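Notes for the one structure printed next.
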Amino acid sequence: MSNAELMKKVVSLCKRRGFVFQSSEIYGGLKSAYDYGPLGVELKRNLMSAWWREMVHGREDVVGLDASIVMHPRVWEASGHLAGFSDPLVDCKVCKERFRADKAPRVEKGAEVTLSFPDKGAAKVAEELVQKQFGVTLKRHDKDLQGAVAQRDYVCPNCGSPYLSDERQFNLMFKSSLGPTDPLGEVAAAIEGGALAGLEGRELRAKLEELTKPPAVYLRPETAQAMFVQFVNIQQSMSMKIPFGIAQMGKSFRNEITVEHFIFRSCEFEQMEMEFFCEPGTDDHWMDYWVAQRMNWWQKYANDKTKFRLRPHAPDELAHYAKGCFDIEYEYPWGYGELEGIANRTDYDLGKHAQYSGQKLDYFDPEAKKRFVPYVIEPAAGATRGVLVYLLDAYCEEELETPRGEKETRVVLKLHPELAPIKVGVFPLVKKDGMPEVARKVVAEFLAHGINAKYDEQHAIGKRYRRHDEIGTPWGLTIDHQSLEDGTLTIRDRDTMTQRRIPIDTVVAEIEGLLRAARK
RNA sequence: GCGGGAAUAGCUCAGUGGUAGAGCAUCAGCCUUCCAAGCUGAGGGCCGCGGGUUCGAUCCCCGUUUCCCGCUCCA
C-alpha cells in the first residue's frame, strides 16, 4: 500500500465509519473545516484526556486553565501576533514568487530594471509571458531580460520583475467585533463625511483599521497567551512555587496561507499546550526534560515508534520569542511534519505583557530572597494532528484466509485501547435463546463503570468482529450457548483474533485490568 | 496564490449527447451460525453548484465550490 493510498483509505474510513466529516458538506463544504463524528469525538477526547492526565493530574507541579477564546485585543499587540502577521503580501506575475512587500529589494519608481532567471530557457518563457500578458517587449541577454520599468518602489526578490499583483494583506488572526455596534457604520459615516477622500493604498487601509478598531477582537491563534496573562493569578491563588506549569487545551484559529492534508493543517484546530515557568539558568535543563517527556508520551500510544523524530530548529527559523525549539515530527504519508513544538520562550512573553499592561509579572522566591521574571518552556502539541497521527499509525490491512480457503483482507485500526472510541463490543452469538438479554446486561454493566461498550446483534458474528476491527474496538465479548449454561463468555482480542473464556461476572474487572495494563 | 487531477448511491468506482449502473454497505424476511456465509426482497442519486451550446447535457464549453497531488507559503 503506497503512502497516497494509505491517506486515501484513512480519509475514506473516517467518513464511512463516522470519525471525521467535511464541514457543512450539504452546502458544498467549507474549506479546511472538519467535523468530528461520533467515533472521532471519542478518539479526540480520549487523546486529550490522556494528555491532561499525563500533564496535569499525573503531577503536582502543573495546574490547568480554561481561558476564553476571545481576549483583550492588547494581548495580541503585546504578543506580537497583531503586528507581525499583517504584512502586505505580493505575488510576482512572472515567476509566481510570493513575498513580503516591505522586505523586497527597493528600486526607484519608474527606473529601468533587469529581470534575471536561472537559465536561458526560463528567461525565454518569461519573455514570452511578459509580451503576451503585458504587451511589453524586453531585450533578452542570455539569462537576463532588460527594459522593464518599475511600477512601484520595489521588485520581485526572486527574478527582479516589476510585474506584480496588488498588495494583499495577510491576517493571521480571525477578526470579529465585540458588541452589537456595526463597525461598517463607522466606515459608512466616514465616507459620507469625506474623511476617506484622497486616501489610497496603505494610508486608506490604516484609516479603515483605525475606524473599525474600537470593538475589534480576535479569536486566539494559540492558547498560550492566556497562560502568560493569568500567570500571577494562578501562581498566587494556588500558591505555586517555581518551577511550575500551567496547561490548557482548546481551539485556536489561524488564517493559514495554505491548508492541506485533511485535518493536518486547518484554520480551526485544537491545541494542547503547557507553559512551564522556571528560573532563568535552569531553562536548558527543563527544555531537555520536556523534550524527552513529550517524545515518550507520543510514542507510548503508537504501534510504530520509529515514525517519530526530533528536529531542532535552525537558528534562522526560530520564532521571534524563542531561544531554542525542538519539533516532534511524524512521518506522515507526505513526509515529515510537525506534531508538537517544544520552545524555550524565555521571559519574552511575560516581559511583553508586563510592558503593555503596566503590571508586574515576576516571581519572588522566598527562600533565595530574590525576584525574577521566569523563563518559560512550552510544549505545544496539536491535538487534531495527534488524531491524524494515531489514525495513520493504527490503519492496517491484513491478508487472511477464510475457513473456505478464500483470500480476504481484514482492515484493522490498531488503536491503543486508551484511545479506542469503543472499548468493548458485546455480541449475542445468535439473536435468540435469551442471548441478547444477557448481552444487554453486560453492556449496562460496562456503561455503569464508565467504559464505553456497544451492543451489536446485526448480521453474522464474524461480520460484527470485522466491523469492530475497522473502528479499533480492542475487545469483543460474545454470549453463546455455553454462556447460558455456565455463565461464561468469550473475550476476543482485536489484534490476535484469539479468544478465551471467562466468567461473565468478572468481565468488567478483566477489561479494567487490561485497560490499566495498556496505560502503563 | 500558481500548475495539474478529480467530483456519479453511504463507500469504491463504471458509464453514455436521448430522463443511470455494478460491487460492497444499509433495511426487512428466511437460515440459527464463532471470524465480512447463503437466499429473497426493499430503500437510496435534481450524476458538486451556477450558467452556456443543443430539440435534448451526467457527458461538450465557461465560471464557481470542495477535495487530492506538486510548487509556493508557513510562529
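We name chains A, B, ... by the order of the sequence lines, and we start the count at 1 in each one. The model shown is predicted, which means the values in this text are computed figures rather than measured ones.
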Separation of [X] atom [atom1] from [N] atom [atom2], in whole Å?
X	N	atom1	atom2	answer
A:I461	B:A36	CD1	C1'	12 Å
A:D433	B:U33	CG	C1'	12 Å
A:H459	B:C31	NE2	P	17 Å
A:L477	B:C35	CG	C1'	15 Å
A:I26	B:C49	CD1	C1'	14 Å
A:D35	B:U66	CG	P	15 Å

- Message: Nearest 0.5 Å, please: how far is CD in A:E222 from CG in A:L172?
- Response: 9.0 Å

Basic-acidic side-chain contact under 4.0 Å: [X], [Y]:
X	Y	answer
A:D327	A:R309	no
A:R106	A:D153	yes
A:R74	A:E77	yes
A:R500	A:E510	yes
A:R410	A:E397	no

Taking the [atom1] atom of each, how far is [N] from [M], in whole Å?
N	M	atom1	value
B:C59	B:U16	C1'	7 Å
B:A28	B:A57	P	40 Å
B:G5	B:C62	P	12 Å
B:G45	B:A20	C1'	9 Å
B:A22	B:C73	P	50 Å

Nearest-nucleotide pick for [X], side chain only, options being [options]:
X	options	answer
A:M497	B:U26, B:C34, B:C35	B:C35
A:L429	B:C35, B:C34, B:U26	B:C34
A:K463	B:A37, B:C34, B:C69	B:A37
A:A460	B:C68, B:C34, B:U33	B:U33
A:Y34	B:C34, B:C67, B:A36	B:C67
A:K432	B:C34, B:C35, B:U32	B:U32

- Verify, without hydrogens or angle tests, whether A:Y390 (side chain) and A:W298 (backbone) share a donor-acceptor contact under 3.5 angstrom.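 Here the side-chain-to-backbone pair exists.
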
- Task: Would you check if the distance from the ring center of A:W334 to the ring center of A:F264 is below 6.0 Å?
- Result: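 That pair passes the under 6.0 Å test.
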
Using a cut-off of under 3.5 Å, enumerate the N/O to N/O pairs linking the protein to nucleotides 44-46 of chain B.
none

- Using Watson-Crick pairs (N1 to N3, plus N6-O4 or O6-N4) and G-U wobble pairs, both distances under 3.5 Å, which stems of at least 3 pairs involve RNA chain B?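 Result, WC/G-U stems under 3.5 Å: B:1-7 with B:65-71, B:10-13 with B:21-24, B:26-30 with B:38-42, B:48-52 with B:60-64.
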
- Message: Need to verify one output field. Residue with the more 5' nearest nucleotide on RNA chain B, A:H261 or A:R466?
- Response: A:R466

- Item | Touch class at under 4.0 angstrom, heavy-atom based, for A:R464 against every strand present |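 No contact.
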
Every protein N/O lying under 3.5 Å from an N/O of nucleotides 63-65 of chain B:
residue	atom	partner	partner atom	Å
B:U65	O2'	A:G28	O	3.4

- Answer yes or no: does a side-chain N or O of A:R501 lie under 4.0 Å from OP1 or OP2 of B:C34?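 No.
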
- For RNA chain B, the residues among residues 12-25 of chain A that have a non-hydrogen atom under 4.0 Å from it: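 Only A:S12, A:K15, A:R16, A:Q22 qualify.
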
- Query: Which parts of residues 479-496 of chain A get close to RNA chain B, meaning a heavy atom less than 4.0 angstrom away?
  - Reply: A:D480, A:T490, A:R492

Let me have the donor-acceptor pairs involving side chains of residues 421-433 of chain A, under 3.5 Å, with sequence neighbours excluded, atom names and distances please.
residue	atom	partner	partner atom	Å
A:K423	NZ	A:P417	O	2.8
A:K423	NZ	A:E418	O	2.9
A:K423	NZ	A:A420	O	2.8

